[in-house]
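Every heavy atom of this structure was used, including side-chain atoms; hydrogens, water molecules and symmetry mates were not.
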Amino acid sequence: MDEVEWMPRQPKAKDLRVGLISWAGSYLTFETYKNAVTATAKGLGRRQTWEILVSSKHDTQAVVRLRSLQGFYLLCEADGSLCYGRPRTSHHGCFLIHFHRSGKWTLQCLISGRYLESDGEDVFCTSRTLSAYHMWTPRPALHVHVILYSPLNHCYARADPTMGRVWVDAPVPCLKECGFLLHFQDGYYHLETSAHTFLSHLDGLVSQPSTQTAFHMQVRPGGFVALSDGEGGMLYPQGTRLLLSLGSDPHGGEEWLILQHCPTWVSLRSTTQKFLTVVYDVDVCAASEQVTPMSLFQFECDNKSPTLQLRSANGCYLAQRRHRTVMADGHQLEAETFFRMYWHRGRIILQSPSGCFLGIAANGLLVASATIPGPNEEFGIQLANRPFLALRGRYGYVGTSSRHDLLQCNMDQPDCIYLLPCRQGIYHFQGSHQVFPKSQRSANDRLNVSISTCLPGRWDATYQNPNPPGETTTLNRTGTPESRSMRISVPQLFLRSLAKHLLRVTIHHKSPPPRPWCASDL
């Protein structure tokens, strides 16, 4: 892995969105039906999310426009009122953002010179004299499962559970230790590792969040963030091993990290139980019986296309080449790197742009030669850097509230759902991890669901009811069998449909039910 030339992706537009929190703790909100902008919402949702479009940027300020997810711009009128719509002139809707040392922003209308402010409910631009009412706290609106990239050191942050430290030394973010959960609580940020420990001010990892794990965050357009303790200490890589720790003298922008959503990495295994591996720089073959970094592929797809791309740890994409060979030397925009994906009994089948299906040749190389797929063209797939899921849908994260024990899909913070791999592409979903408890909960609270893959396709799930037969529950007013099977149809990768189905399941404060059987266990 030392010779890998991994080129980091530019942050996606959705990774650059922010919410803006007023002095009163409420969010700048796009009011869909009122042609108005307010600051009354207490949580970050779609109407509180803004894209920051930068025209020019300097060290302490930038000229920007704010655009809602509905495509309308925040506009300041001559009388100081605010509305949304389309800019009428080149400077209409432009604001000069001043980045303050406290991490807060002030937004000054470029035309009038007045500052954006809130009285706790309404938002307007009437004053040219700066005060605390003009201060806005930016909160990144990207998914909480993130990776941290140091552009100065060209490496990613990596948690080391054995040493109890975080190093900035990973050239490729393919390991689960490179993923972190970024929690926002009471105005502070807590960085949680994949092993559910927290980075503290004392450089080590601790088991519980506290004031010692709470960091201030400075945010800049472009996905740049810097974390501090609020007392002059900045978090940045230090020493020959690049330990991520607090210090008072960062040089050359060492403290700035790029925040991005954690990508999905997978391994693919042939019917001979060998993993697809990149060897000799670009050749792809079924060679390894163990997962290595060169056996991992970044899984890239969206919900608008049935195709996917697989990016190797060498930085290139799998692509079909001459003589039907498939090599890891493709580039992102090449048509030869897009493969159509089909699902068959927990395994995947990949079809190349030529129409042929990918399979393993007699010499072990990956080729696109079959016109009709068979067992040789089927591959087992397993998540490589996802020990848990944090589900987010249109209205928020999947989690529980303090008011009742139902899973909800509109939470500000997620409850982690653990992934317990089985065989033949089947996962058990076990969920109860809640970092910042909203109520007293039993340590044995569990939701067990077995799913025949967490990737696209049709899922067979079994909910094991913790109540004895005949007992009345929220789901069943007349008596409930011991377990219930349900077929969940999810046509695409995104897990909103799963969240809607899980919303109907009640978690009861009792001991967890027995582990559900997979078909392959029988």
Using a cut-off of 6.0 Å, state whether more than 12 heavy atoms not belonging to Gln332 lie near its atom CD. yes
For residues Leu365 and Val284, determine if any side-chain heavy atom of one lies less than 4.5 Å from a side-chain heavy atom of the other. no
Would a distance-only check, ignoring hydrogens and angles, find a side-chain to backbone donor-acceptor pair under 3.5 Å from Asn376 to Ile360? yes
Do side-chain atoms of His145 reach the backbone of Arg386 as a donor and acceptor pair under 3.5 angstrom? no
Look at the side chain of Gln48 and the backbone N and O of Gly45, then say whether any donor-acceptor pair between them is shorter than 3.5 Å. yes
Could you tell me which non-hydrogen atom of Ala141 sits nearest to which non-hydrogen atom of Gly19, and how far apart they are? CB-N, 4.4 Å
Which class fits the ring pair Phe357 and Tyr342: parallel under 30°, tilted 30 to 60°, perpendicular over 60°? tilted
How long is the gap from CG on Leu296 to CD on Gln382, to the nearest 0.5 Å? 10.5 Å
Neighbour count above 12 (heavy atom, 6.0 Å) for Asn363 CG: yes
Within the side chain of Trp50, is there an N or O that forms a donor-acceptor pair under 3.5 Å with the backbone of Leu28? yes
Residue of the set Glu336, His331, Glu300, Gln309 for which side chain to side chain donor-acceptor pair (under 3.5 Å) holds with Tyr317: Glu300
Would you confirm whether the ring centroid of His92 sits within less than 6.0 angstrom of the ring centroid of Tyr73? no
For the atom pair NE2 (His190) and CZ (Phe180), what is the distance rounded to the nearest 0.5 Å? 15.5 Å
Counting only N and O atoms by type, is there a donor-acceptor contact under 3.5 Å from the side chain of Asp15 to the main-chain atoms of Gln260? no
I'd like to know if the side chain of Thr277 reaches the main chain of Phe275, judged simply by a donor and an acceptor atom lying under 3.5 Å from each other, with no hydrogens or angles considered. yes
Any idea how Phe388 and His196 line up, ring-wise: parallel (<30°), tilted (30 to 60°), or perpendicular (>60°)? tilted
Quick check against the 3.5 Å criterion: does Gln320 have a side-chain atom that pairs as donor or acceptor with the backbone of Arg324? no
Summary of side chain to side chain donor-acceptor pair (under 3.5 Å) pairs that have at least one residue in residues 234-244, sequence neighbours excluded: Gln238-Ser245
Assess whether side chain to side chain contact (heavy atoms under 4.5 Å, CB included) is satisfied between His183 and Phe198, documenting all intermediate values. CA-CA 10 Å; His183 297 281; Phe198 296 84; 4.3 Å; yes
Do Phe184 and Tyr189 have their ring centres less than 6.0 Å from each other? yes
Would you verify whether the NZ or CZ of Arg311 falls within 45 degrees of the ring axis of Phe297 while also being under 6.0 Å from that six-membered ring's centre? no
With Arg321 via salt bridge (Lys or Arg N to Asp or Glu O under 4.0 Å) - residues at least two apart: Asp329, Glu334
Return the CZ to CE distance between Phe379 and Met341, rounded to the nearest 0.5 Å. 13.5 Å
To the nearest 0.5 Å, atom CD1 of Ile97 lies from atom CH2 of Trp105 at 4.5 Å
Main chain of Pro221, side chain of Lys57: is a donor-acceptor contact present, judged purely on distance under 3.5 Å? yes
Shortest non-hydrogen contact between Pro353 and Ala335, atoms and distance: CG-O, 3.4 Å
Any side-chain heavy-atom pair of Leu310 and Leu350 under 4.5 Å: yes
Rounded distance [0.5 Å steps], SG in Cys262 versus CG in Leu181: 9.0 Å
Donor-acceptor pair, distance only, cut-off 3.5 Å: does the side chain of Tyr397 make one with the backbone of Val144? yes
Would you sort out whether Tyr188 and His216 count as a ring-ring contact (aromatic ring centres under 6.0 Å, His included), showing the intermediate values? CA-CA 6 Å; Tyr188 296 94; His216 296 263; 4.9 Å; yes
On a heavy-atom basis, which atom in Ala286 and which in Lys274 lie closest, and how many Å separate them? O-CD, 3.6 Å
More than 12 heavy atoms of other residues, nucleotides or ligands under 6.0 Å from CD of Gln290: is that the case? no
Pairs of donor and acceptor atoms involving the side chains of residues 149-171, under 3.5 Å and at least two apart or interchain, shall be tabulated with distances.
residue : atom : partner : partner atom : Å
Tyr149  : OH   : His154  : ND1          : 3.4
Ser150  : OG   : Asn153  : N            : 3.3
Ser150  : OG   : Asn153  : ND2          : 3.0
Tyr156  : OH   : Trp6    : NE1          : 3.3
Arg158  : NE   : Asp169  : OD1          : 2.9
Arg158  : NH2  : Asp169  : OD2          : 2.8
Asp160  : OD1  : Thr162  : N            : 3.2
Asp160  : OD1  : Thr162  : OG1          : 2.6
Asp160  : OD1  : Met163  : N            : 3.3
Asp160  : OD2  : Trp167  : NE1          : 3.1

Pairwise distance CG(Leu259) to CG(Leu16) - rounded to 0.5 angstrom: 10.0 Å
Are Thr32 and Arg47 close enough, and set up right, to give a side chain to side chain donor-acceptor pair (under 3.5 Å), and what steps lead you there? CA-CA 8 Å; Thr32 309; Arg47 292 189 296 114; 4.5 Å; no
Nearest heavy-atom approach of Leu142 to His261 is CD1-N, 3.6 Å
